[in-house]
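Some notes on the structure that comes next.
We count ligands from 1, going down the list as the structure has it; atoms in each ligand are counted the same way. Every heavy atom of this structure was used, including side-chain atoms; hydrogens, water molecules and symmetry mates were not.
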Amino acid sequence: MRPTLLDRLFAPVTALSGIGPQLGRLIERAAGPLVVDLLWHLPTGLIDRRAAPAIAALKHDQIVTIKVEVVRHDPGFGRRPYRVTCGDGSGYMSLVYFNVKGDHLMRLLPVGAERVVSGRVEFYGGVPQIAHPDYVVAPDEAARIKPIEPVYPLTAGLTPRVVQRAVATALERAPAMPEWLDPALRARRQWPGWNDALAAVHAPRSQDDLSPATPARQRLAYDEILASQLAVALVRARRRRRPGRALAGSGVLAGKVEAGLGFTLTNSQRLALAEIAGDMKEPQQMMRLLQGDVGSGKTVVALLAMLIAVENGAQAALMAPTEILARQHHATLQRLAAPAGIAVGLLTGREKGKAREAILAGLASGQIAIVVGTHALIQGEVAFRDLALAVIDEQHRFGVDQRLALADKGRAVDTLLMSATPIPRTLMMTVYGDLDVSRLTEKPPGRQKVDTRTVPLDRLDEVVGAVSRALGRGAKIYWVCPMVEESETADLAAAQERYRALAHLAPGRVGLVHGSMKSADKERVMAQFAGDGIDLLVATTVIEVGVDVPQATIMVIERAERFGLSQLHQLRGRIGRGEGRSTCLLLYQPPLGEIARQRLAILRESEDGFRIAEEDLRLRGAGEVLGTRQSGLPSLRLADLAQHAELVAVAHDDARLVLERDPGLDSARGEALRTLLYLFRRDAAIQYLRAG
Ligand code: ADP
Ligand code: MG
């Protein structure tokens with residue numbers, strides 16, 4: 001139950017005086033539906049009305065608050081505005097109104113009366129004027145004009161003053177909150193209490209006060225981050241209490257497979273495998289994310305993990321997001337698992353008829369111990385004899401429910417998620433704070449560094465010449481076309497044009513892949529590129545992640561400045577996978593902006609996906625790094641992960657420590673933390689509190 005303390009904040013904005021249904025809808029659009037949303041509606045600017053010069057000293061574009069005497073009214077007509085002339089002894093100015101009724105202005109500004117007027121000055125025909133002043137009040141009401149006003153994001157139809165008033169009323173309703181922060185942390189950071197922090201962020205006195213680095217903004221951001229970390233920590237703690245099955249590998253099958261690999265595992269792979277085996281051995285369900293760049297060797301790790309399940313007489317499944325990837329994994333796993341005498345099944349939408357029935361029967365009987373597939377694996381007709389491990393490749397391309405659906409095909413199934421998208425540590429904790437994480441930080445030995453160079457587009461001819469010579473030497477080359485617009489047709493047109501322009505370089509041996517092709521067609525072209533038919537592959541950015549053509553040694557990326565850093569890194573990850581020395585040419589259109597220049601420089605310097613991801617976060621901000629479509633990124637109102645990254649790690653540890661000491665959140669601070677969870681609508685996690 002939500003603490004009654006919060007009831008007033010969780011009322012609709014229309015509960016505030018002066019806000020009816022119509023304004024309520026507008027405020028909802030700008031800030032949100034509830035009173036609490038107004039508290040989180042932070043100012044993005046301020047208006048300083050403190051300047052009070054004499055009329056003779058007014059400057060263009062200045063915001064002023066001046067005391068004047070009303071001299072004369074000149075009603076406008078036609079397109080001429082209504083004009084009220086005022087003076088102050090030093091000179092005259094006008095107040096200008098368009099489409100306003102005269103009688104209203106007569107009452108507001110009676111001739112001979114003194115008025116305090118505030119607004120932005122402009123000059124018209126050499127005379128200072130203020131069009132539609134923000135304030136016109138009698139001198140004894142001048143206190144109504146705040147010397148400094150916060151400026152809030154608006155929506156069409158909302159005036160600044162309505163939002164200011166709504167926020168101010170909401171602030172008045174904010175109850176005195178118990179302190180949920182660790183007192184030592186608060187003291188060390190010199191953060192204000194919750195109520196003071198709120199008051200401060202809504203009353204900026206200078207531009208500096210709008211910075212995310214002020215103690216007040218930091219405190220509120222920390223509150224929000226802590227709520228999210230506490231919620232994921234609760235989910236994690238609950239999962240760890242749920243029974244799983246203890247699977248200890250005998251090593252019999254894994255030993256045979258390892259012996260047949262022809263290479264030794266990297267330290268990273270060994271460490272990840274030990275972490276996975278450790279989880280599987282525990283009587284709790286594993287929920288671990290294996291992260292590593294393309295080519296870092298996740299597949300082998302996944303196979304060895306699956307063999308632990310098989311050594312226990314159970315089954316394992318690997319689900320991939322596309323047909324191509326599923327087939328590629330199937331081919332790889334089949335080859336690698338052969339020394340252990342294990343057949344690997346394949347199930348996608350394309351397995352039909354007898355073949356499909358045979359696979360379904362094999363899964364049901366347990367004869368097929370390891371299966372690779374697409375979404376087809378989670379269809380109702382698929383049943384396992386005893387599924388113990390679910391591996392999900394490119395996990396972010398699946399919804400949470402799809403991941404769970406695979407695990408639901410077995411009993412107390414351990415789950416291993418895999419991702420080639422390196423996510424910065426800070427984001428990691430926010431998005432996947434409830435997961436355990438293993439990272440493959442080193443590349444398999446023998447990989448050569450990709451020689452990455454930036455080339456201005458006006459040297460395109462030289463690049464084409466170099467590509468032509470390389471083709472003559474038998475090279476395989478990717479040519480990636482730019483994202484022209486946020487439109488697939490435009491991208492496609494650009495790619496087709498480039499394809500036509502390059503086709504003569506190797507007649508009959510140039511291919512094109514793009515996003516709107518059928519998956520079977522894409523696959524055919526990719527297969528030709530991997531095999532013998534195609535040497536130069538022109539592609540939009542939709543080359544499937546993870547598709548492996550080790551012989552490819554050159555990649556040209558056109559208009560590289562338009563791509564995100566992580567995206568460029570992902571693309572480049574497709575070369576440098578084999579023996580040959582690889583080159584990546586980043587073609588850019590000069591002049592480069594500062595951010596674009598930094599991005600390309602980082603890419604030239606580094607091939608470390610994790611470092612690149614951190615830099616990407618620094619240069620772009622959190623939302624973009626993950627992409628808006630990516631599920632799981634909680635929308636944060638007060639925290640900005642690019643600005644407050646450091647707070648995430650602090651909150652992460654804070655949350656875990658709290659739950660270790662006070663798993664039921666029963667202490668005084670625990671009570672306050674429950675209130676915090678409700679305040680940020682993370683209360684779904686409260687049901688996971690350990691009872692008693
Ligand atoms: P990922 O799935 O992370 O992109 P893969 O598992 O497909 O990477 O591995 C990429 C390539 O590197 C494969 O050809 C694989 O056989 C090879 N490989 C994996 N681990 C090692 C290793 N320790 N030493 C040498 N080659 C390796
Ligand atoms: Mg892979």
For this session: List the steps, then state whether side chain to side chain contact (heavy atoms under 4.5 Å, CB included) holds for R559 with L457.
Result: CA-CA 8 Å; R559 302 300 306 261; L457 256 181; 3.3 Å; yes

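Looking at ligand 1, you'll find an N or O of G297 within less than 3.5 Å of one of its N or O atoms. Close N/O approach between P445 and ligand 1 is not found [any backbone or side-chain N/O within under 3.5 Å].
Taking all atoms of both residues into account, the shortest heavy-atom contact from L387 to R245 is O-NH1, 3.8 Å. Q291 and K298 make their closest contact through C-CD, 4.4 Å (heavy atoms, listed as atom of the first residue, atom of the second, distance). Heavy-atom minimum distance, V538 versus A495: CG1-O, 3.8 Å.
Numbered from 1 in the order shown, with element, the atoms of ligand 1 that lie under 4.0 Å from a heavy atom of T299 read 2 (O), 5 (P), 6 (O), 7 (O). Each of the atoms 23 (N) of ligand 1 lies under 4.0 Å from some heavy atom of L265. Of all atoms in ligand 1, listed by their number and element, those nearer than 4.0 Å to a heavy atom of T266 are 23 (N). Counting atoms of ligand 1 from 1 in the listed order, those under 4.0 Å from a heavy atom of D293 are 3 (O). The T264 neighbourhood of ligand 1 comprises atoms 22 (C), 23 (N), 24 (N), with distances under 4.0 Å to a heavy atom of that residue.
Applying the salt bridge (charged side-chain N to carboxylate O under 4.0 Å, His left out) test to K409 and every residue at least two apart in sequence or in another chain returns nothing. Residues passing the side chain to side chain contact (heavy atoms under 4.5 Å, CB included) test with A316, sequence neighbours excluded: M306, A309, L389.
When non-hydrogen atoms are compared, ligand 1 lies under 4.0 Å from neither the backbone nor the side chain of M418.
Within the structure, ligand 1 has G295 among the residues with a heavy atom less than 4.0 angstrom away.
Of the listed residues (H329, K298, R270), the one carrying the non-hydrogen atom nearest atom 3 (O) of ligand 1 is K298.
Using the six-membered ring where Trp is involved, Y478 and F529 have ring planes that are perpendicular, over 60° apart on the 30 and 60° scheme.
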